Amino acid sequence: MSWLPLSFGAPMVLWGLLALPVIWWLLRLTPPRPQTEVFPPLRILARVLRREETPHQSPWWLTLLRLLMAALVIAALAEPVFNPREKLPAEGSALALVVDNDWASAADWGKRVATAERLIADAGSNGVPVVIAFTAEKPNAEIGPFDASAALDRLRAAKPRPIPTDRPAVYARVAATLERLPGASVAVLADGLAANGDDAAFKTLLEKNAARLVWATSDRISLTGLTGADNQVDGFALTAIRAPGDPAPAQVTAGAFDDKGRRIADATLTFAPGETTATGTMAVPFELRNDFASIALDGEHQAGAVRVLDESSKRRRVGLLSQAEADQAQPLLSPLYYIRRALQPFADLVEPSSADLADAIPQLLDQKPAMIIMADVGTIPEQVRQRLADWVNNGGTLVRFAGSRLAAAGNDDDLLPVRLRSGERALGGALSWTTPQPVTEFPKNGPFADLAPPTEVTVSRQVLAEPTPDIVERTWATLADGTPLVTGMKKDKGTLVLFHVTPEATWSNLPISGSFVEMLRRIVQLSRNQGAAVANAEAAAASLAPYRMIGADGALVPPTPDARPLVPGAGPLPVTLENPPGLYGSETGVFAHNLLNASSTFTPLVRPQISLPVTAVPYAFDESENLKGPLVTLALLLMLLDTLAVLWMGGLLSRRPRRAAATAAAVLIVLGGLFGHTDLARADDSKPGDSQAIEDISKTRIAYVITGEPGVDSISRAGLEGLTRFLVEKTALEPGPPAGVDIAKDELTFYPLIYWPIDATAPMPSEAAIARIDAYMQQGGTVLFDTRDQFSNGIDAGSASPATERLRDILANLNVPPLEPVPSDHVLTKSFFILPEFPGRFNGSPLWVEASLDASNTENRPVRTGDGVSPIMITANDFAGAWAVDENGDPMLPTVPPDPMQRVYALRAGVNIMMYMLTGNYKSDQVHVPVLLERLGQ
């Protein structure tokens, strides 16, 4: 039962709305009036007392509120859905879901997933198993059948890949699975682009076991791809494509990015009405174009809109040099004519303004070219020779062409790849027995290895190389008689190349052939990174590791685990899951492997013509919304309003303030239960300082007396922090952070031990403060006085330090018991560690404690039988100085003498003192002796 845009999952429940009149009648119904008897005194009382009247029916607005609440509950139980979607045909023996997850699906992948989720949900409601396959995944990926839950998990785990689809292989696997499930519904979620083998793939999938086809595709292919980015003379020429069928003109913007991802150039490409190709040019300077690492179309979040660039896309500056005078009337005879024509499309050519080699060569070198070509240049002047040689050694490429001047010049080991014989060799003619020689196969170790030998080229004259042991390695091209045509060699970081013929068509017809252009292009590629580009046969035969990949969304990402090394070759390389688009190589040189090439086009996918029932669905998100939850929430809010109205009508919110406050608290509890808020405000009867007191007693904390001296107080705090760390590491006790106390006003009973560093420069405590300390000691607390002056007899000696004098003044106002140094059998010596002494930063002063009642009788000390703890301890060894650590846990002050174990013993003394404070002298009990002896190994 459905009324657009609203439908109900259980429409029969709506018949409950017919009960609203009955509910209204019940809400207005009241009990009958009680029968009254006339009694005269009651009449008198009725005149005196005000009778509380009760209405016999509820107000109309309260009745309407309750009727609306009942209607909301009935409507919620009917499971209403706003903007309901049409149920998709996912029935039969199974649902076969075939999803294109290639690069073309990345832009609207979310819509595709939402559409597939609806299909799987409908299949699950019908109890139909699901076969799910993706056309851009591994060929051995499991495809099912699965239940609806497992199919949803696989769908949500899938992601678009930056590669084309492989429909024939995937459709064949799905068809093989459907042989066990005849009569299945097949849902094809295509990317909208046609590919090779589609007709056979659809025939294999649909002709046998399919009972119904669900066809999902985009209404219009809005993809735009980048098929070309060529670095030409005046700028980067870009070519973009789009799918046919769009008559409107369109503009796209392309951005160029460097290797750090910074945008450095823009260009606009315009599609004419009805055209599928657009071109544009990034007219930027030569130096800036060479920094391009990638070019991408704005607004296109897919791999086809990105092109990565390698060294072959970067133009190089090439210097041209010739000693021949230019003849404007006969340009074809110029030595540089054919070289200019061959290099101009992919290099920036520069020439010197002077014909003098002494001036011309420095002019070329000042422009920092990647390659210099010398056409029949003989002897190079000495004043510029070394600079030219250094340029080659530092990475330059020098290409020289033979001629009469070079043949007459002497050998130059620094600027020629091979040694030459004097003179030149003539092939053919009336006085020669030889004939012009053709070019044979290019050697496998040269940069021309993958080029076909030009059959139309013949050589009639050449300069010959001296036969040497390395002549074969340096030969890049040979004639049929085995003599070199082109030789080359690496020299330090640079390259030397020699064409053994002239650059004009006098000694051979090589300059007027297409091979001449390709040979120069290969040499220019070598000059870009001095051989790092993949241009020679050795590099072409080697595999290149994945370096940076193009993701499905067009972003450059690290290589995926599926990526494998790429073997470059001639012609466009296929883009696969093992070789996704991106850059292959390393930081020293990369090879660009792009998704689209110059011949790529976008052809719309045509739905196969079949006799099966077909249901076409668009890609879209599920916009239906279940209203059950909002209706139930609204009904609960109305119930809350009803409750408040009843309380208000009963006078609970106005006549009795205390009862009204309780009622308001109850309402807040109800609100908290409805909306998940359980923290309710309540009256705070706490007093100032209660929170601090609770914090102080929640954990055991050691306190220190704030003396008012910053240096003393900082060492005290750092020392107690160090002792606290040691306690946490060595014992089960985990004290809180140390607390600084003002003995004149802070509460002292929270702390079992108070460390008091005595400083003569600190103000003398008041009598009231000393009285508070005395009361603290009488109530079971212990004060550890530390004079920090290493006077072992400073308490009762005739002469004392200022700190000891100040301690005597303080103790004079306290009820101090008799004191003695810690005896060897005192509990302090064995409360945790076995310690014979209690050193601090200094070592020499004893630790004074309350003396036993019978100190002379060492066999009957009270500390052995009682649980009392000495209320006072006195030392001069500077415990806090030994315990003090910085933020990194390193000691702040050195020990005296500088013994690392003295600091360890000081920390152990602090542990024993804390254990003595917290446990008393229970360890003096003889029951612990066997355990202690066992631990001591006795």
Side-chain angles (χ1 to χ4, degrees), residues 692-693 695-743 746-759 762 765 773 776-777 780-789 803 807 828 831-833 835 838-842 845 847 849 869-895 902-919:
Q692 182 63 37
E695 180 182 353
D696 290 339
I697 65 175
S698 61
K699 272 194 173 184
T700 301
R701 303 174 70 186
I702 313 174
Y704 64 93
V705 174
I706 299 176
T707 62
E709 294 293 329
V712 176
D713 294 341
S714 62
I715 294 298
S716 298
R717 182 169 187 84
L720 295 188
E721 287 179 350
L723 177 60
T724 300
R725 290 189 183 185
F726 195 76
L727 285 167
V728 173
E729 293 175 359
K730 301 298 183 181
T731 72
L733 178 63
E734 295 186 1
V741 295
D742 184 350
I743 60 176
D746 290 338
E747 181 60 49
L748 306 178
T749 57
F750 299 139
Y751 312 106
L753 175 69
I754 297 178
Y755 176 78
W756 192 338
I758 304 301
D759 190 271
I773 286 291
Y776 166 76
M777 295 169 60
T782 299
V783 180
L784 173 57
F785 294 96
D786 193 343
T787 59
R788 304 172 296 121
D789 55 4
L807 176 62
L828 270 171
S831 60
F832 194 85
F833 293 103
L835 294 177
F838 297 85
R841 183 165 170 250
F842 308 120
S845 171
L847 177 63
V849 296
V869 176
S870 175
I872 184 173
M873 296 182 186
I874 301 175
T875 185
N877 285 336
D878 191 7
F879 280 168
W883 299 339
V885 295
D886 58 16
E887 296 179 353
N888 299 322
D890 298 326
M892 296 177 61
L893 301 175
T895 60
Q902 181 174 326
R903 192 182 308 278
V904 176
Y905 292 144
L907 289 168
R908 291 181 179 180
V911 173
N912 277 25
I913 292 173
M914 279 302 299
M915 292 302 163
Y916 175 59
M917 295 298 101
L918 298 176
T919 63

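Fair warning: this is a prediction, and the values are worked out from it, not measured in the lab.
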To the closest 0.5 Å, what do you measure between [atom1] ([X]) and [atom2] ([Y])?
{"X": "Met873", "Y": "Tyr755", "atom1": "CE", "atom2": "OH", "result": "13.0 Å"}
{"X": "Met914", "Y": "Asn912", "atom1": "CE", "atom2": "CG", "result": "11.5 Å"}
{"X": "Ile773", "Y": "Ile743", "atom1": "CD1", "atom2": "CD1", "result": "4.5 Å"}

Under 3.5 Å, side chain of [X] to main-chain N/O of [Y], donor-acceptor pair present?
{"X": "Asn888", "Y": "Asp890", "answer": "no"}
{"X": "Asn877", "Y": "Phe879", "answer": "no"}
{"X": "Arg841", "Y": "Pro894", "answer": "yes"}
{"X": "Asp786", "Y": "Pro757", "answer": "no"}

Counterpart residues, salt bridge (charged side-chain N to carboxylate O under 4.0 Å, His left out), relative to Asp713 (two or more places apart):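 Result, salt bridge (charged side-chain N to carboxylate O under 4.0 Å, His left out) vs Asp713: none returned.
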Among all residues two or more places apart in sequence or in another chain, which pass the salt bridge (charged side-chain N to carboxylate O under 4.0 Å, His left out) test with Arg908?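 Result, salt bridge (charged side-chain N to carboxylate O under 4.0 Å, His left out) vs Arg908: none returned.
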Taking it one step at a time, do Arg788 and Val712 satisfy side chain to side chain contact (heavy atoms under 4.5 Å, CB included)? CA-CA 11 Å; Arg788 304 172 296 121; Val712 176; 4.1 Å; yes
Can you find a pair of side-chain heavy atoms, one from Phe838 and one from Thr875, that are under 4.5 Å apart?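 Phe838 does not reach Thr875 side chain to side chain.
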Are the side chains of Ile702 and Tyr751 in touch, meaning some heavy atoms are under 4.5 Å apart?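 Heavy-atom side-chain distance check fails, nothing below 4.5 Å.
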